[in-house]
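Take a look at the structure below.
All residue numbers refer to positions in the sequence shown, counting from 1. For the numbers below, each heavy atom of this structure counts, side chains included, while hydrogens, waters and symmetry mates do not.
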Amino acid sequence: MNIQAIKRFSLGLIFSSLSLLLSACGEGSNHSLVTNKDAQTYKASLDVAWEKMSPHEQEAFNWAVQDFDLARLNKEYAGASPKEIIRAEVKKQIKISEEQIPALKQDVDAWEKEAATLRLITVSDASFYIAKDFFGDQPKIKAKMINKSGYDISSAKYYAALYIDDQPDPVATSIVSSNYKSIGGFKNSEVVTSSYTIGFVTGDAGWTTLEIVNAKNRVVKMSVIPDSVRDFGDRAFIREYPGTRLKQLENGLALAKSYKDI
């Protein structure tokens, strides 16, 4: 083969490779989605892309569009590919998280100081037992509440966690509510004994598993939820816990960074 033939052969390979590359650009996560028609047409276009997307890309796309409906998707990302949508949402999530997380961390610290007084509503002598009635097993808690917060309260919610046989993690958790209106309120320095049924009429099956029924030791721990505590005017003493939003942003940031490689 002479030099001219070699050159023609090499150029042929180059153009052939380029053609394949350009063809591949419209496939998988690079495939444009039809966002300006009906849901069925959109899904058909997504199915074409989905077949050649990696599991990592599929997971990232589901994350990126989790809060979108088709109208919003078309408004913000008309005709975009999954990859374009993922990259834009990754960039947006990182920006929002990095801007808001520092201030929220400070806000959580401030909230904890506000909540410290309400945490002086404590629980002691909490016991767990399973009663039986017409509807079957009824998981129940009986506990003594002590109010040293300095406030008179009308209602509160408590976090309850059940531990068995010295296991480090709870096997069941729930939130229970107390309304103290019928006793004239739960006043500062008072002690009140309350009983709770976990679940509704049929009881919460998660609290009556065989593991729990057959456990040698069952210990229930309870603590007040500070932003649930209400005064005699049914007003919250403190604002809603900002840590929930902080956790969402931290989780979102971690996920966004894990999809930066797309």
Practice item. Could you tell me whether the side chain of Asp231 and the main chain of Gly233 form a donor-acceptor pair under 3.5 Å? Key: yes
Review point. Going through the checks in order, is the side-chain contact (heavy atoms from CB on, under 4.5 Å) test met by Ile94 and Lys257?
Key: CA-CA 7 Å; Ile94 290 174; Lys257 287 183 174 180; 4.3 Å; yes
Practice item. Decide, yes or no, whether a salt bridge links Arg239 with Asp227 under the criterion of side-chain N to carboxylate O below 4.0 Å. Key: no
Review point. Does Arg87 use its side chain to pair, donor to acceptor, with the backbone of Ile262 at less than 3.5 Å?
Key: yes
**Study point:** Co-membership, hydrophobic cluster, residues Leu73 and Tyr259, 4.5 Å side-chain
**Key:** yes
Exercise for review: Begin from the C-alpha positions of Gln167 and Glu211 and carry the test side-chain contact (heavy atoms from CB on, under 4.5 Å) through to its verdict.
Suggested key: CA-CA 12 Å; Gln167 293 182 19; Glu211 179 184 42; 3.9 Å; yes
**Study point:** Flag, side chain of Gln58 to backbone of Trp50, donor-acceptor distance under 3.5 Å
**Key:** yes
Point to revise | Cluster link Ile238 to Leu104, ILVMFWY, side chain under 4.5 Å | key: yes
Practice item. Answer yes or no: is there a side-chain heavy-atom contact under 4.5 Å between Tyr158 and Ser178? Key: yes
Practice item. State the CE-CD1 distance between Met145 and Ile121, to the nearest 0.5 angstrom. Key: 10.0 Å
Revision key, fill the gap. For Val229 and Ala156 the tightest heavy-atom approach is CG2-CB, 4.1 Å
**Study point:** Gap between atom CG of Leu246 and atom CG of Asn251 - 0.5 Å precision
**Key:** 9.5 Å
**Study point:** Lys144/Asp125 ion pair, N-O < 4.0 Å
**Key:** yes
Check your understanding: Can you name the closest pair of heavy atoms from Pro226 and Ala115 and give their distance?
Key -> CB-CB, 3.8 Å
Revision key, fill the gap. Between Gly150 and Asn188, the two heavy atoms sitting closest are N-OD1, 2.8 Å
Exercise for review: Report the C-alpha distance between Tyr180 and Ser194 in whole Å, list the side-chain angles of each, state the deciding distance to 0.1 Å, and finish with yes or no for side chain to side chain donor-acceptor pair (under 3.5 Å).
Suggested key: CA-CA 10 Å; Tyr180 301 110; Ser194 299; 4.5 Å; no
Check your understanding: How about Trp207 and Val171: do any of their side-chain heavy atoms sit closer than 4.5 Å?
Key -> no
Exercise for review: Output yes when Lys92 and Glu89 qualify as a salt bridge under the 4.0 Å nitrogen-oxygen rule, no when they do not.
Suggested key: yes
Check your understanding: Where does the angle between the aromatic ring planes of Tyr151 and Phe237 fall among parallel (under 30°), tilted (30 to 60°) and perpendicular (over 60°)?
Key -> tilted
Exercise for review: Evaluate the side-chain proximity of Phe128 to Val219: yes if any heavy-atom separation is below 4.5 Å, no if none is.
Suggested key: no
**Study point:** Glu57 with Lys52: basic N within carboxylate O range, under 4.0 Å
**Key:** no
Practice item. To the nearest 0.5 angstrom, please state how far the CG atom of Asp67 sits from the CG atom of Asp69. Key: 10.5 Å
Review point. Is Ile153 reachable from Ile175 through a run of I, L, V, M, F, W or Y residues, each pair having side-chain heavy atoms under 4.5 Å apart?
Key: no
Review point. Without hydrogens or angle criteria, can the side chains of Lys140 and Thr197 be said to hold a donor-acceptor pair below 3.5 Å?
Key: yes
**Study point:** Pairing of Glu114 and Arg119 as salt bridge, 4.0 angstrom limit
**Key:** no
Exercise for review: Output yes when Asp47 and Lys43 qualify as a salt bridge under the 4.0 Å nitrogen-oxygen rule, no when they do not.
Suggested key: yes
Practice item. Apply side-chain contact (heavy atoms from CB on, under 4.5 Å) to Asp109 and Lys113, showing your working. Key: CA-CA 7 Å; Asp109 290 341; Lys113 292 177 181 177; 5.5 Å; no
Review point. Which atoms form the tightest heavy-atom contact between Val90 and Ala256, and what is the distance?
Key: CG1-O, 3.4 Å
Point to revise | Under 3.5 Å donor-acceptor, Arg72 side chain and Leu70 backbone | key: no
**Study point:** Test item: side-chain donor near acceptor, Ser154 and Asp234, under 3.5 Å
**Key:** yes
Check your understanding: With a 4.5 Å heavy-atom cut-off, do Tyr42 and Asn36 have their side chains touching?
Key -> no
Practice item. Look at the side chain of Gln66 and the backbone N and O of Trp63, then say whether any donor-acceptor pair between them is shorter than 3.5 Å. Key: yes
Review point. Going by distance alone, is a donor N or O of one side chain under 3.5 Å from an acceptor N or O of the other, for Ser174 and Tyr159?
Key: no
Check your understanding: Taking C-beta and beyond as the side chain, do Ser81 and Leu33 meet within less than 4.5 Å on heavy atoms?
Key -> no
Practice item. Following the transitive rule for hydrophobic clusters with a side-chain heavy-atom cut-off under 4.5 Å over Ile, Leu, Val, Met, Phe, Trp and Tyr, establish whether Leu255 and Val65 coincide in one cluster. Key: yes
Practice item. Treating Ile, Leu, Val, Met, Phe, Trp and Tyr as nodes and any side-chain heavy-atom pair under 4.5 angstrom as an edge, say whether Tyr77 and Val48 lie in one connected cluster. Key: no
Point to revise | Spacing of OG belonging to Ser195 relative to CD1 belonging to Ile141, to within rounding of 0.5 Å | key: 10.0 Å
Practice item. Look only at the side chain of Asp165 and the backbone of Ala215, and say whether a donor-acceptor pair between them is shorter than 3.5 Å. Key: no
Review point. Should Leu162 and Thr173 count as side-chain neighbours, where that means a heavy-atom distance under 4.5 Å?
Key: no
Exercise for review: Using the side-chain contact (heavy atoms from CB on, under 4.5 Å) rule, take Ser189 and Lys148 through it: C-alpha gap first, then chi angles, then the decisive distance, then the call.
Suggested key: CA-CA 5 Å; Ser189 299; Lys148 294 183 179 180; over 6 Å; no
Review point. Is a donor on one side and an acceptor on the other found under 3.5 Å between the side chain of Lys83 and the backbone of Ala80?
Key: no
Exercise for review: Answer yes or no: are there more than 12 heavy-atom neighbours, outside Glu51 itself, under 6.0 Å from its atom CD?
Suggested key: no
Check your understanding: So, for Ala49 and His31, which heavy atoms are closest and what is the spacing to 0.1 Å?
Key -> CB-CB, 3.8 Å
Exercise for review: Taking atom types as modelled, find out whether Thr35 and Asn74 have a side-chain donor-acceptor pair closer than 3.5 angstrom.
Suggested key: yes
Practice item. Compare every heavy atom of Met222 with every heavy atom of Ala126, then report the nearest pair and how far apart it is. Key: CB-SD, 4.3 Å
Point to revise | Any side-chain heavy-atom pair of Val220 and Tyr129 under 4.5 Å | key: no
Review point. When you look at CD of Glu240, are more than 12 heavy atoms from neighbouring residues, nucleotides or ligands closer to it than 6.0 Å?
Key: no
Check your understanding: Is the NZ or CZ atom of Lys221 positioned over Tyr163's six-membered ring, under 6.0 angstrom from the centre and within 45° of the axis?
Key -> yes
**Study point:** Ser97 side chain vs Leu249 backbone, donor-acceptor pair below 3.5 Å
**Key:** yes
Check your understanding: Roughly how far, to the nearest 0.5 Å, is the CG atom of Leu46 from the OG1 atom of Thr41?
Key -> 12.5 Å
Practice item. Check whether any side-chain heavy atom of Val123 lies under 4.5 Å from a side-chain heavy atom of Val224, and answer yes or no. Key: no
**Study point:** CZ on Phe61 to OG on Ser54, rounded to 0.5 Å
**Key:** 13.0 Å
